[in-house]
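The structure presented is a predicted model; accordingly, all values stated were derived computationally and were not measured. We number each residue from 1, following the sequence as shown.
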Amino acid sequence: MGWFIGGAILLAVLFGAFALVRRRRTMWRGRAPHAVPLVYIDTAMAVSPTVLGHPMPDGYRLASLYFGAGLIDRTETLDHGFPYRIFDPIPKLGPAPATFADLCAERAGDLVAEARATNRKLHLLWSGGIDSTTACCALLDALGSETDRLVIFMNAASRAEYPAFYKTHLRALQTVKINTIDRAFAGDAIVVTGEHGDQLFGSAKALEFDISDVRKPWQTALPVLLAERLASAERADAIVDYLTPQLARAPVPLADLFTCLWWMNYSMKWQAVSLRMLPGWRRGTYDRYQERVAHFFQTVPFELWALNHAGQGVGATWQTYKWPARDVIGAFTRDTRYAATKEKVPSLKGLVARRFSKAALAIDADGGQYWQEWDQSLRKRRQEDGSGGGSGGYSSKREDPLWDDMNDGE
């Protein structure tokens with residue numbers, strides 16, 4: 001009889017755990033607006049007319065459409081239409097604590113020390129791009145001869161993006177080829193990413209233009225940019241009107257379009273970037289994700305560095321974009337060609353894929369994950385307003401930078 005009772009208890013526990021997971025990823029059926037503050041919404045949710053029962057402001061929807069992410073304003077100035085919570089407040093402006101290279105060395109040293117103290121591996125998601133390669137160089141420096149503690153998770157695109165680095169520095173290490181991030185979370189390792197590197201330096205939105213154009217005052221350049229991308233001066237004005245109070249809260253001068261785009265990326269996409277890998281982890285929960293993931297650049301010292309170097313993420317040409325990170329890579333590899341010629345490309349394809357292409361996702365502060373049907377009214381209106389192809393002048397949805405399914409624009 002005892003074994004029967006014990007088995008029944010075990011089944012109840014397993015069923016309860018299964019039900020909990022199912023509840024955390026459930027289709028929204030609420031009759032009243034969801035009351036728990038949200039910490040993340042994906043792009044599909046952000047452009048919807050309602051989010052878990054909350055009517056959405058047009059300015060927010062259009063701004064999220066342009067940036068390709070569900071925005072969460074870290075200054076808490078803007079009305080998003082839904083209650084939201086900030087878990088990474090913008091630090092109070094103060095002097096930069098160290099050089100960028102020193103900060104990379106300190107961060108890598110801290111991660112290595114944590115891995116040693118807890119007897120865990122470091123699982124690095126390496127895309128081949130500047131940010132994850134910077135993290136990799138710093139970690140290898142900190143590890144010294146103890147490279148068996150580092151495991152590199154990558155795909156074919158990672159190797160193709162920086163084949164020389166793979167051949168010289170990674171081929172002798174343990175590498176795991178993956179198509180999604182699930183395998184990186186196996187075991188109890190610390191999962192390290194290059195996330196937030198983009199938010200420190202600028203915005204990939206700026207890279208679409210000549211370097212001289214992004215040094216123009218944002219007050220005149222931003223409306224033109226938005227009108228072109230959204231095929232409507234009226235929509236551009238709606239975004240500018242919506243965002244202007246938030247731009248006024250910037251603790252540093254927004255001297256030009258480049259710096260303005262950096263500020264919007266840093267202050268409103270930071271939280272989305274922090275959590276955007278969670279939906280790709282099949283068995284992940286909000287709490288487990290927060291415990292396991294260490295985004296390399298998600299520290300207050302790095303943020304203070306960024307605030308003190310606002311608008312300085314690029315020099316006279318786009319080949320200098322993220323030059324402090326390029327210098328860290330060059331110092332480790334002696335590869336001057338990569339540092340001088342590497343271009344910014346989307347580096348998360350295949351790793352942060354949407355599992356439910358016809359649903360929109362929100363995550364609340366209690367860890368609940370909620371889906372609702374994907375509303376495409378903004379996209380349909382853009383198709384109607386655009387000239388030429390079926391997606392606002394683009395021949396296909398895949399070519400339209402406003403509709404990036406992988407959510408890897410900046």
Under 6.0 Å between the ring centres of His169 and Phe332?
-> yes

Results of side chain to side chain contact (heavy atoms under 4.5 Å, CB included) for Lys216 - residues two or more places apart only | Asp213, Ala221

Test item: side-chain donor near acceptor, Ser158 and Ser127, under 3.5 Å | no

Going by atom type alone, with no hydrogens or angles, which donor-acceptor pairs under 3.5 Å involve a side-chain atom of residues 82-101 and a protein atom two or more places apart or on another chain?
residue	atom	partner	partner atom	Å
Tyr84	OH	Leu78	O	2.9
Asp88	OD2	Trp270	NE1	2.9
Asp88	OD2	Gln298	NE2	2.7
Thr99	OG1	Asp102	N	3.1
Thr99	OG1	Asp102	OD2	3.2

Residue from Arg276, Lys269, Lys322 passing salt bridge (Lys or Arg N to Asp or Glu O under 4.0 Å) with Asp198 | Lys322

Establish, from distance only, whether the side-chain atoms of Trp218 and Thr259 form a donor-acceptor pair under 3.5 Å.
-> no

Side chain to side chain contact (heavy atoms under 4.5 Å, CB included) partners of Val36, counting only residues at least two apart | His34, Asp364, Ala365, Asp366

Kindly write out the residues that satisfy side chain to side chain contact (heavy atoms under 4.5 Å, CB included) with Ala206, not counting sequence neighbours, or none if the list is empty.
-> Val214, Phe258, Leu261, Trp318

Report yes or no: is the cationic atom of Lys205 (NZ for Lys, CZ for Arg) under 6.0 Å from the centre of the six-membered ring of Tyr66, at an angle within 45° of the ring normal?
-> yes

Cationic tip of Arg74 above Tyr266 ring, under 6.0 Å, 45° of axis = yes

Sequence neighbours left out, what passes salt bridge (charged side-chain N to carboxylate O under 4.0 Å, His left out) with Glu114? Give chain and number order.
-> Arg120

Check: Arg31 side chain, Gly53 main-chain N or O, donor-acceptor pair, under 3.5 Å = no

Would you please say whether a donor-acceptor pair under 3.5 Å links the side chains of Asp73 and Thr75?
-> yes

Give a yes-or-no answer on whether the side chains of Ser274 and His295 include a donor-acceptor pair shorter than 3.5 Å.
-> no

Between Trp263 and Gln246, a side-chain donor and acceptor under 3.5 Å = yes

Could you give all pairs that pass the salt bridge (charged side-chain N to carboxylate O under 4.0 Å, His left out) test and reach residues 236-253, with sequence neighbours left out?
-> none

